[in-house]
Amino acid sequence: AITLPAAITILQKKVEEEEQVVMVSENIVAFPWEGALAFKKALDEMFGSSAMVAERGMFGPTPPQMIAVQTGPDSKELVPWGKFPFPLDPSSYLNTAWSNHEGRIVFAIRGEVKRKWLATVERLADLTREMIRRESIYRAKALRINFEDGQTPQPTFMDLREAKADEMVYTRELTALMDSNIFTPLRHAAECRKAGIPLKRGVLLAGPYGTGKSLLARAVAKVGTENGWTFIYIKDASQLPSAIQFAQLYQPAVIFAEDVDRHVTGERTEGMDQILNTLDGIDTKTAELMVVLTTNHLDQINRAMLRPGRLDVILNITAPDAEAVQRLIQMYSRGKLAADADLTEAGELLAGYTPA
């Protein structure tokens with residue numbers, strides 16, 4: 001049997017151990033701004049407050065940042081970013097941060113707390129993860145992101161309320177090819193998985209200016225988000241490596257980038273190799289990522305870019321034929337023409353002209 005003094009000694013050691021300050025580090029697999037928003041919600045749910053503390057330095061206290069995180073096309077939310085006092089013990093603190101996890105930028109919770117609060121911090125991190133699973137602001141949304149060097153990427157939401165996928169008018173043959181290579185996988189991802197059909201694919205839209213390649217982006221975004229895909233638009237194909245890192249957090253996802261020929265033309269360069277290796281990378285082999293690229297100069301693209309595995313299909317976006325012209329005229333008449341109006345002559349006159 002243990003003696004009373006021995007029991008007291010054991011309890012004292014336990015108390016001392018519980019009061020020891022330890023470092024905490026939790027990586028949350030989400031883009032940092034979404035992680036920060038979910039962390040704020042988790043703090044509010046667990047403690048009723050997400051108050052922050054100012055850090056003291058040589059020139060006095062430095063208040064933490066408040067970051068405006070866009071949560072929709074017309075909405076933003078202020079999210080604290082920096083050092084938080086631990087709600088149950090002001091002598092302990094947590095700190096939000098960016099982190100690199102398995103090659104991807106993710107949200108991180110760092111800090112120093114007394115050992116007795118470790119289990120509570122783990123619950124807080126798990127609740128943050130659950131908030132992201134339940135209420136992701138990015139998953140299955142259409143986003144524009146600029147990953148330029150030296151800038152902190154801030155996703156902005158595309159407003160698709162006026163987007164109409166059925167207003168994409170091409171030749172019947174091209175429409176069928178687009179449907180089978182782009183829209184069918186978007187609409188029937190579950191069936192593709194069940195049948196063992198890969199959802200990772202690369203599509204190149206090639207054709208002259210004004211044939212509707214850029215307009216197609218909104219149709220892809222509309223159909224994709226309606227079917228649970230995250231849509232990511234980047235203005236420059238050189239940002240593909242960063243975009244793919246982001247997309248892997250929110251797959252299934254579509255990445256749309258225009259004028260890829262600007263970066264994969266001529267002799268191999270370090271930048272070109274980075275794009276090629278990213279598209280062909282082993283970490284994207286089983287990913288549910290569709291990359292849709294456009295070019296006005298197919299003949300100038302380095303042949304290494306065009307092989308299957310990087311680009312699985314090249315769709316030539318041509319000017320409309322006579323039949324497609326008739327459908328375009330009927331659509332843009334917005335009901336001012338009779339449904340059975342004979343547009344044969346107009347179709348023949350305008351066939352081959354670009355819609356633009």
Kindly indicate whether the side chain of [X], heavy atoms from C-beta on, has any atom under 4.5 Å from the side chain of [Y].
{"X": "R193", "Y": "P252", "result": "yes"}
{"X": "F246", "Y": "P155", "result": "yes"}
{"X": "L205", "Y": "F256", "result": "yes"}
{"X": "L276", "Y": "R268", "result": "yes"}
{"X": "M46", "Y": "T120", "result": "yes"}
{"X": "L328", "Y": "L350", "result": "no"}
{"X": "T171", "Y": "E323", "result": "no"}
{"X": "D236", "Y": "F147", "result": "no"}

Partner residues of [X] under the side chain to side chain donor-acceptor pair (under 3.5 Å) criterion, sequence neighbours left out:
{"X": "Q300", "value": "none"}
{"X": "Y138", "value": "none"}
{"X": "N27", "value": "S99, R110"}
{"X": "S242", "value": "none"}

Quick one: list whatever passes side chain to side chain contact (heavy atoms under 4.5 Å, CB included) with [X], sequence neighbours left out.
{"X": "R303", "answer": "L306"}
{"X": "K141", "answer": "L143, F157"}
{"X": "I105", "answer": "P32, W98"}
{"X": "A125", "answer": "E26, I28, I109, R129"}

Does the distance from a Lys or Arg side-chain N to an Asp or Glu carboxylate O, for [X] and [Y], drop under 4.0 Å?
{"X": "K116", "Y": "E19", "value": "yes"}
{"X": "E17", "Y": "K13", "value": "no"}
{"X": "R133", "Y": "E130", "value": "yes"}

Worksheet item: Any donor-acceptor pair under 3.5 Å linking the side chain of Q248 with the backbone of A243?
Response: no
Worksheet item: Do E112 and N95 get their side chains close enough for a donor-acceptor pair, meaning under 3.5 Å?
Response: no
Worksheet item: So, T318 and N316: side-chain donor and acceptor under 3.5 Å apart, yes or no?
Response: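 Per modelled atom types, T318 and N316 side chains form no pair under 3.5 Å.
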Contacts of type salt bridge (Lys or Arg N to Asp or Glu O under 4.0 Å), residue [X], not counting sequence neighbours:
{"X": "K41", "value": "E135"}
{"X": "R115", "value": "none"}
{"X": "D299", "value": "none"}

Would a hydrophobic clustering, with Ile, Leu, Val, Met, Phe, Trp and Tyr connected at side-chain separations under 4.5 Å, put [X] with [Y]?
{"X": "F183", "Y": "V169", "result": "no"}
{"X": "M158", "Y": "I232", "result": "no"}
{"X": "F86", "Y": "V22", "result": "yes"}

Discussion item. Exactly one of V203, V223, V254 should register a side-chain contact (heavy atoms from CB on, under 4.5 Å) with I182. Which one does?
Written reply: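 The passing option is V203.
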Item to complete: Using the side chain to side chain donor-acceptor pair (under 3.5 Å) rule, pick out the option among T294, N296, D259 that qualifies with K213.
Response: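 That would be N296.
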Discussion item. Test: salt bridge (Lys or Arg N to Asp or Glu O under 4.0 Å). Region: residues 340-356. Which pairs qualify, not counting sequence neighbours?
Written reply: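 Residue pairs passing salt bridge (Lys or Arg N to Asp or Glu O under 4.0 Å), neighbours aside: none found.
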Worksheet item: Out of curiosity, E148 CD to K235 NZ, how far, rounded to the nearest 0.5 Å?
Response: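 If I round to the nearest 0.5 Å, the distance is 4.5 Å.
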